[in-house]
Amino acid sequence: MLSAYRIAMEKVEQARAIISGEVWHDDEIAMLFDLAEERLQELYHGMGQKGSPENVVRLHPASSGR
């Protein structure tokens, strides 16, 4: 299950990086990425894991301005 978490988080981060590399910024898309990342963290912690999974590099910290 941890490998599925890692793959999902990496895909979300890749999508965020691709979209943020475009010439526009969309607050709603940014919020949806934040929600997806938060939910993946909740699922990870729900498996009884503590801390962040190893080898997952967050390309963009979750924005706190919602």
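The first residue of the sequence shown is numbered 1, and numbering continues consecutively from there. Values in this document were obtained by computation on a predicted structure and should not be read as measured data.
By the rule that hydrophobic residues join a cluster once side-chain heavy atoms approach within less than 4.5 Å of another member, V12 and I19 end up as members of one cluster. Residues F33 and I7 do not share a hydrophobic cluster, clusters being chains of Ile/Leu/Val/Met/Phe/Trp/Tyr side chains in contact below 4.5 Å.
One distance of note links CG of L40 with CG of L35; it measures 11.0 Å at 0.5 Å rounding. Here the CD1-CD distance, from I18 to Q14, works out to 6.5 Å after rounding to the nearest 0.5 Å.
Atom CD of E28 is surrounded by 12 or fewer heavy atoms from other residues, nucleotides or ligands within 6.0 Å.
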Practice prompt. Check the pair R16, D34 against salt bridge (Lys or Arg N to Asp or Glu O under 4.0 Å), reporting the backbone distance first and the verdict last.
Written response: CA-CA 9 Å; R16 181 192 292 268; D34 291 343; 2.7 Å; yes
Discussion item. Assess the residue pair M9 and R6 against the criterion (side-chain contact (heavy atoms from CB on, under 4.5 Å)); give the C-alpha distance rounded to whole Å, side-chain angles, the decisive distance to 0.1 Å, and a yes or no.
Written reply: CA-CA 5 Å; M9 183 62 90; R6 285 183 178 152; 6.0 Å; no
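Using a 3.5 Å distance cut-off with no hydrogens or angles, the side chains of Y5 and E10 do not pair a donor with an acceptor.
When side chains are defined from C-beta on, E42 does not count as touching H45, because their heavy atoms never get closer than 4.5 Å.
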